Amino acid sequence: MPQNIINEDKIFSILRKTENTSQEDITSILDKAKNKKGLSLEEVGCLLNLNHSGFKEELFGIASLVKDQIYGERIVFFAPLYISDFCVNDCRYCNFHTSNKGLARKKLSSFEIKEQVETLINMGHKRLLIEFGEDPENNNIDYVRQTINEIYAVQTAKGNIRRINVNIAATSVENYRKLKEAKIGTYQLFQETYHRKTYESLHRGPKADYERQLSAHIRAFYAGIDDVGLGVLFGLYDWRFEVLALISHAQYLDKHYKIGPHTISMPRFQPAESVDFTSPYIVNDDDFLKIIAILRIAVPYAGLILSTRERPRIRKAAFKIGISQASAGSCTSTGGYGKNINQPQFKVRDERSLDEVIKDVMEDGFLPSFCTACYRKNRTGEAFMRISKPGEIHNFCRPNGLLTFAEYLEYFTNNGLREKGERLIRFYLEKIEDTNLREETRIRLEQIRQGRKDLYF
Ligand code: SAM
Ligand code: SF4
């Protein structure tokens, strides 16, 4: 397995060297960021230390521009679905840790999976992120595969789930091959913290193996999975270190495997029932927004994912500076949609319904999207990178966003939202530059209004 994905000495040295970056240097780094080609670790280091409020505004403005030029105005929505909270690990920050004896462990039966998925479909969701604790007996790969098949098979009068992203513990090439066969979207796995000593002190159980976690995405590549997501659980260690390490990881995958991360997640630690973890590294709101803007310009092609761990006010600000995917209407307990039966993994801060979140982002001019087209059209791995890196992916995102949002308006929303939504659709339809594509989108929008579903480019 590969060595030196993360070079801690190098990261610390960059952080020291860039402590007193001149204003001229910051200006030229921000200028370079506008080219959407990403930044070097040294350049990112300079921005991490940036505190001058004028520069911060400029950074946010450029991040917003880069998001717009790569992905356009759309925000893709999804929901997490907790399948099993059985877990053999003892992660200090997580309520599912094995030493939480107050949690009556639960894994969903086929019947419960169907029930939960029907609830999610009837909310309007098309994309799920399924979550499991690590437990070789209760959550073995066959259970994961069976779950995926069962979810794809659920159909209600309002639709179905069209893309399943998966968050399971680091595993073997053989198991990743089985996941690939089950037709997953993105395989997501967070390093939690890239700082080895901190990592080792916060984990017990198989997950405590730092190398196993760090090399997991590469094993997934060996198994033929070519869409992977990275992430840090912010609050475990110094965020400046974590950002540089996360970008090193992304650059490593891109350089050696020609596939950078399809997505990057930036969860912040949230309190949880049985968790007594405290940390001097808790990230404040200002720094959190800076992290998002820096990631957006440093890895411009990656989807940036924001969860409901964040309060509505922060989500609103984050959407404006680079977030391209978000969960909404989420529940973080096993089997918890429509029921209140089990302890959640952590506390959710945005408790609004999907409809309320959609209304809010529309008011800010974003196009809510439920698109699942790329992996169904084989735009994954290197093929996705070839389109997203030069900023051409929005040519697909806009029409697909329009079609899936029109479907949402047709089946899931009330009249007030519908009228506003139709106005938004007309506005962005006219912005499709290619006349043939615009015409074809117009035709398909009409077909959706007449009852067709699942149209995409
Ligand atoms: N068991 C798998 C694993 O650990 O990779 C699935 C992950 S878990 C269901 C999803 C993510 O939730 C974890 O990777 C972690 O980053 C995050 N998480 C755990 N406890 C959290 C907390 N208290 N606050 C915020 N996020 C948390
Ligand atoms: Fe288990 Fe994942 Fe929670 Fe760790 S983070 S205790 S592995 S569910």
Side-chain angles (χ1 to χ4, degrees), residues 1-19 40-42 44-49 87-100 133-134 167-171 188-219 228-253 256 261 264-272 274-284 287-288 290-291 294-295 298-299 309 345-346:
M1 269 293 143
Q3 300 290 312
N4 297 329
I5 300 177
I6 303 299
N7 182 337
E8 290 195 1
D9 290 343
K10 183 176 167 193
I11 293 175
F12 283 124
S13 143
I14 291 173
L15 285 173
R16 272 192 309 273
K17 270 196 292 197
T18 53
E19 245 167 32
S40 69
L41 294 181
E42 285 72 14
V44 172
C46 297
L47 297 183
L48 292 172
N49 289 308
C87 193
V88 297
N89 290 311
D90 212 9
C91 309
R92 287 271 313 279
Y93 44 80
C94 176
N95 195 37
F96 296 163
H97 58 166
T98 188
S99 53
N100 179 5
E134 176 168 9
N167 191 179
I168 59 163
T171 185
Q188 291 187 19
L189 183 73
F190 307 155
Q191 183 60 29
E192 317 296 9
T193 170
Y194 283 94
H195 188 246
R196 186 186 289 265
K197 235 168 120 185
T198 306
Y199 185 93
E200 288 170 356
S201 75
L202 293 177
H203 298 96
R204 240 173 288 139
K207 187 170 166 180
D209 181 345
Y210 178 91
E211 293 297 335
R212 185 192 81 152
Q213 192 84 353
L214 192 61
S215 54
H217 307 83
I218 295 172
R219 284 194 299 286
V228 297
L230 305 181
V232 160
L233 179 56
F234 282 98
L236 307 187
Y237 189 63
D238 181 352
W239 64 268
R240 294 174 181 81
F241 175 93
E242 303 286 23
V243 170
L244 280 180
L246 179 62
I247 295 169
S248 306
H249 194 177
Q251 291 179 347
Y252 184 96
L253 297 180
H256 294 275
I264 294 179
S265 303
M266 64 294 294
R268 273 197 290 186
F269 169 74
Q270 296 298 329
S274 69
V275 171
D276 59 5
F277 171 73
T278 53
S279 163
Y281 298 112
I282 294 302
V283 176
N284 68 38
D287 289 339
F288 183 63
K290 214 157 82 177
I291 290 170
I294 290 175
L295 287 173
V299 198
R309 291 173 182 86
Q345 189 192 20
F346 52 81

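Please read all numbers here as calculations on a predicted model, not as lab measurements. For the single chain, residues carry numbers from 1 onward in sequence order.
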| field | Pairwise distance CZ(Arg240) to CG(Asn49) - rounded to 0.5 angstrom | value | 6.0 Å
| task | Go through the steps to decide whether His256 and Ile218 satisfy the test side chain to side chain contact (heavy atoms under 4.5 Å, CB included), and finish with yes or no. | result | CA-CA 10 Å; His256 294 275; Ile218 295 172; over 6 Å; no
| said: I'd like to know if the side chain of Gln188 reaches the main chain of Asn167, judged simply by a donor and an acceptor atom lying under 3.5 Å from each other, with no hydrogens or angles considered. | reply: no
| Are the side chain of Asn89 and the backbone N or O of Cys91 linked by a donor-acceptor pair below 3.5 Å? | no
| said: If the condition is side chain to side chain donor-acceptor pair (under 3.5 Å), which residues does Arg212 pass it with, not counting sequence neighbours? | reply: Glu134
Please tabulate, one pair per line, all N/O donor-acceptor pairs under 3.5 Å involving side-chain atoms of residues 5-14, not counting sequence neighbours.
unit_1	atom_1	unit_2	atom_2	d
Asn7	OD1	Asp9	N	3.2
Asn7	OD1	Lys10	N	3.1
Glu8	OE2	Arg196	N	2.9

| field | Residue pair Phe234, Tyr281: steps toward the side chain to side chain contact (heavy atoms under 4.5 Å, CB included) verdict | value | CA-CA 8 Å; Phe234 282 98; Tyr281 298 112; over 6 Å; no
| query | Which pair of heavy atoms, one from Gln213 and one from Ala170, lies closest together, and at what distance? | reply | OE1-CB, 4.0 Å
| request: Give a yes-or-no answer on whether the side chains of Glu42 and Thr18 include a donor-acceptor pair shorter than 3.5 Å. | output: no
| query | So, Ser265 side chain and Gly231 main chain: donor-acceptor pair closer than 3.5 Å or not? | reply | no
| field | Any donor-acceptor N/O pair, Glu242 side chain to Tyr194 backbone, under 3.5 Å | value | yes
| said: Test side chain to side chain contact (heavy atoms under 4.5 Å, CB included) on Tyr199 and Lys207; report intermediate values, then the result. | reply: CA-CA 10 Å; Tyr199 185 93; Lys207 187 170 166 180; 3.4 Å; yes
| request: Would you confirm whether Gln270, through its side chain, and Arg309, through its main-chain N or O, come within 3.5 Å as a donor-acceptor pair? | output: yes
| query | In Å, rounded to the nearest 0.5 Å, how long is the span from CG of Leu236 to NE2 of His195? | reply | 12.0 Å
| Heavy-atom closest contact (Ala298 atom, Val44 atom, distance) | CB-CG2, 3.8 Å
| Non-neighbouring partners of Asn100 that pass side chain to side chain donor-acceptor pair (under 3.5 Å), sequence neighbours left out | Asn95, Ser274, Gln343
| said: With a 3.5 Å distance limit and no angle check, can you tell me whether Arg219 reaches the backbone of Thr171 through a side-chain donor-acceptor pair? | reply: yes
| remark: All heavy atoms of Arg268 vs all of Leu233, minimum pair found to be C-CD1, 4.0 Å
| said: Testing Phe190, Tyr237, Phe277, Trp239 one by one against Phe269 for a ring-ring contact (aromatic ring centres under 6.0 Å, His included), which residue passes? | reply: Phe277
| field | From Gln191 atom CD to Leu230 atom CG, the distance as rounded to the nearest 0.5 Å | value | 9.5 Å
| Should Ile291 and Leu48 be marked as a side chain to side chain contact (heavy atoms under 4.5 Å, CB included) after you check the CA-CA gap, both sets of side-chain angles, and the distance that decides it? | CA-CA 8 Å; Ile291 290 170; Leu48 292 172; over 6 Å; no
| remark: Separation between CG (Leu202) and CD (Glu192), nearest 0.5 Å, reads 9.5 Å
| If you round to the nearest 0.5 Å, how far is CG of Leu244 from NE2 of His249? | 14.5 Å
| query | Say you draw a straight line from CG of Leu295 to CD1 of Ile247; how long is it, rounded to the nearest 0.5 Å? | reply | 5.5 Å
